[in-house]
Every structure is written in structure tokens, then in C-alpha cells.
2 protein chains.
Amino acid sequence: MAVVRRPGADHCGIAAAMAVIDGKWKVSLLWELERSPRRRFGELRRLVPGVSEKVLAAQLRELENDGIVHREVYDEVPPRVEYSLTPLGEELNGALEALGEWGTKHLLPAAAPGRLPERPGPA
Amino acid sequence: MAVVRRPGADHCGIAAAMAVIDGKWKVSLLWELERSPRRRFGELRRLVPGVSEKVLAAQLRELENDGIVHREVYDEVPPRVEYSLTPLGEELNGALEALGEWGTKHLLPAAAPGRLPERPGPA
DNA sequence: CCGTATCCGAGATGATACTG
DNA sequence: CAGTATCATCTCGGATACGG
């Protein structure tokens, strides 16, 4: 479980939430799974450029163990596995919106009018 | 500068914000500075148990460089330095509230009625 | 009191090869 | 296709000692 990697994660909501999204690619994964559910492993690999197979698998497992993503295995050949957000994961994504708006407003390079929608995604 | 440590930090508000709060103790520091502004270095060291002097100084510098905290140096002996949140830092803290509520609601051990206020702090 | 300078280790990530 | 196994790397943070 991921949930005790930050100090105070056992009694502070923020630290606990940070523990869940701690991992270089997790926010990107949440983002992609929100944009379109039922993503396959290879799709995610392509959608999140730079992540290795090992780390992608590991972070998906952690998100699964934390109840954020659901992993559906189809018994076919070739194999097929689909990942999607759980209701809890969708709530988490919602809770991240305020943070995303703050970042967009204050940190991103000044956007041309019309660009940079409310919650722009990675890559 | 801290702001490009996560993938997509240059074009995704969430990644950019995550880059700013990336650092084991930064959220705790934000929390303490919100609870009471004008904290001295030694106070923060005590208020955030476990942090070393090196890392405390480093993360305060990063927050300062990112415009989140203000560092006021008084030319006295013995030396005195006070840290406080900037308006931007206060906004950031506000943007973290939703995340804290999500974490408190879904991750923390069930709280006895009356305990765990809206945004409980670390330590 | 408020830091900085070094050294070091742990853990997370990356690269690659391999398997059901 | 969807991973696992293995090894290399790299960054962050911890410990300690010293300086203004």
C-alpha cells in the first residue's frame, strides 16, 4: 500500500492523499483514465510518454490497491486488460481540480486567449 | 526552481502544482505557516519533527523561489529570520483543501464524532 | 541562531531481456 | 499483449560537521 509514504499520512487528509498520488506518473494516469476509461496497458504506455513498462505496471498496481483504478482482465488470446477509474478515483480527480486551476492560473506560461482549457492534460 | 520535476509540468496545471509541493515536508511547512505566520527557522524545525536542517533550508528556499513563502531577514544578533506565506501560498493552501477533504473522508481511519476538523494538520 | 558543505544510503525510476 | 525479472542509475533525503 502506498498510503504511508508521507509524514502524517495516518492523521492528515492532505498527506494521506499525497501518498496515494505519490509516484512520478500517477497524475498523468489519472488524467488519461478520466479522459477515456477502459484503457489498455499498451495504450497507457503510449499515452504517457517516458514511462517504462515496469514502472507503469507498478504504479497501476498501487492505484489499484488504493482503490483508485479498476483492473479488468479478459481471458482471451491475445490477452486483454483494461484499466478504468473507480468512483473513488473519479472523486480524487475532482479533488485535484482546484489544484490544477491554481497551477494553470499561476504557474503555466501565459496562455494565448482561448488556449489552455480549465484542466489541460499532460503530453 | 522546482517547477519542472514532474512530467508535463510545463503545460499541465496539476503537474505544475505538484512540482511546487513536491518535497517530503513542504505540505507540512505550508500547514504550519498557515496556522501561524512569521515562523522562525528553529520553530519550524521543531514544529516539523524529523526534518533535518539541510532539507528544511532547501525546501524553504524552493518554496521561496516558487513564490509560495516570504523570507524576512532581520539584521540582529543573534540572527533572526521569519518565514510566512505569500498571498500565492495562501491560495495554494486553499487549493489543497479539496484534496485534504477527500483524503480525510476516504483514507483516514474512521474518526470519532467531533474529531478531525475540516483540514487536520500533520504532527 | 541560521544556516551551508560533505558524505552517504535508501528507494524510486529507467533500460533491457524474457515469459505466459 | 501484458506483463515480470534483473540490473543500472539517479535523485532525494538523512547524518554530521562546520561557518557567519
Side-chain angles (χ1 to χ4, degrees), chain A residues 1-9 15 18-29 32-33 38-66 69-84 122, chain B residues 1-9 15 18-29 32-33 38-66 69-84 122:
Chain A
M1 285 256 271
V3 176
V4 193
R5 284 170 298 196
R6 294 222 167 213
M18 296 285 297
V20 169
I21 57 179
D22 190 16
K24 191 172 178 181
W25 310 99
K26 284 187 186 173
V27 170
S28 296
L29 292 173
E32 290 301 338
L33 290 175
R38 302 192 153 271
R39 286 295 192 187
R40 304 180 60 168
F41 186 87
E43 288 180 313
L44 290 171
R45 181 122 170 65
R46 282 186 297 276
L47 289 168
V48 180
V51 67
S52 70
E53 294 184 350
K54 184 189 100 177
V55 173
L56 177 56
Q59 305 210 348
L60 283 169
R61 292 300 176 150
E62 290 187 354
L63 289 171
E64 187 190 359
N65 291 335
D66 288 339
V69 310
H70 171 70
R71 179 170 177 269
E72 183 86 28
V73 183
Y74 298 86
D75 197 358
E76 308 173 349
V77 335
R80 181 161 61 108
V81 177
E82 287 180 350
Y83 295 91
S84 52
Chain B
M1 289 253 275
V3 178
V4 194
R5 283 171 299 197
R6 295 222 167 212
M18 296 286 298
V20 168
I21 58 178
D22 189 16
K24 189 172 178 181
W25 310 99
K26 285 187 185 173
V27 170
S28 297
L29 292 173
E32 290 301 336
L33 291 175
R38 302 190 153 271
R39 286 294 192 188
R40 303 181 59 169
F41 186 88
E43 288 179 313
L44 290 171
R45 182 124 169 65
R46 282 187 297 276
L47 289 167
V48 181
V51 67
S52 70
E53 294 184 350
K54 182 190 102 174
V55 173
L56 177 56
Q59 305 210 347
L60 283 170
R61 292 302 175 147
E62 290 187 355
L63 290 171
E64 187 191 358
N65 291 336
D66 288 339
V69 309
H70 171 68
R71 179 169 177 268
E72 183 87 28
V73 183
Y74 298 86
D75 196 357
E76 308 173 352
V77 336
R80 181 161 62 105
V81 177
E82 287 181 349
Y83 295 90
S84 53

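Because the structure is predicted, anything quoted here is derived from the model rather than measured. Worth knowing before you read on, the calculation uses all heavy atoms, side chains too, and leaves out hydrogens, waters and symmetry mates.
One atom, CZ of B:R45, and another, P of C:dT4, lie 13 Å apart when rounded to the nearest Å. Across the protein-nucleic acid pair, B:R38 atom CZ and C:dC2 atom C1' stand 17 Å apart, rounded to whole Å. Distance A:W25 CH2 to C:dT13 P: 9 Å, rounded to the nearest Å. Residue A:E62 contributes atom CD, which lies 8 Å from atom P of C:dA12 at whole-angstrom precision. The separation between A:L56 atom CG and C:dA12 atom P is 17 Å, rounded to whole Å. Between the OH atom of B:Y74 and the P atom of C:dC2 there is a distance of 12 Å, given to the nearest Å. For the pair B:D22 CG and C:dT13 P, the computed distance is 10 Å after rounding to whole Å. A straight line from CD of A:E76 to C1' of C:dG20 spans 16 Å, rounded to a whole angstrom.
Looking only at side-chain heavy atoms (C-beta outward), B:R71 and B:V69 stay at 4.5 Å or farther from each other.
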B/S/- contact track for nucleotides 2-10 of chain D, protein heavy atom under 4.0 Å: SBBBBB---
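Contacts of A:R40 classified as side-chain contact (heavy atoms from CB on, under 4.5 Å), with partners at least two apart in sequence or in another chain: A:E43, A:R80, A:E82. Take B:E53 and apply the side-chain hydrogen bond (donor to acceptor under 3.5 Å, both in side chains) test, not counting sequence neighbours, and it matches no residue.
Where B:V51 and A:P78 each meet DNA chain D at their nearest nucleotide, the meeting point lying more 5' is that of A:P78.
When the side-chain nitrogen and oxygen atoms of B:Q59 are compared with OP1 and OP2 of D:dG13, one or more of them lie within a distance under 4.0 Å.
Closest approach of B:S84 to B:R38, counting heavy atoms only: CB-N, 3.8 Å. Closest of all the heavy-atom pairs between B:D22 and B:E62 is O-OE1, 4.3 Å. Summarising the geometry of B:F41 relative to B:L60, their closest heavy-atom pair is CD1-CD1, 4.1 Å, with the distance given to 0.1 Å.
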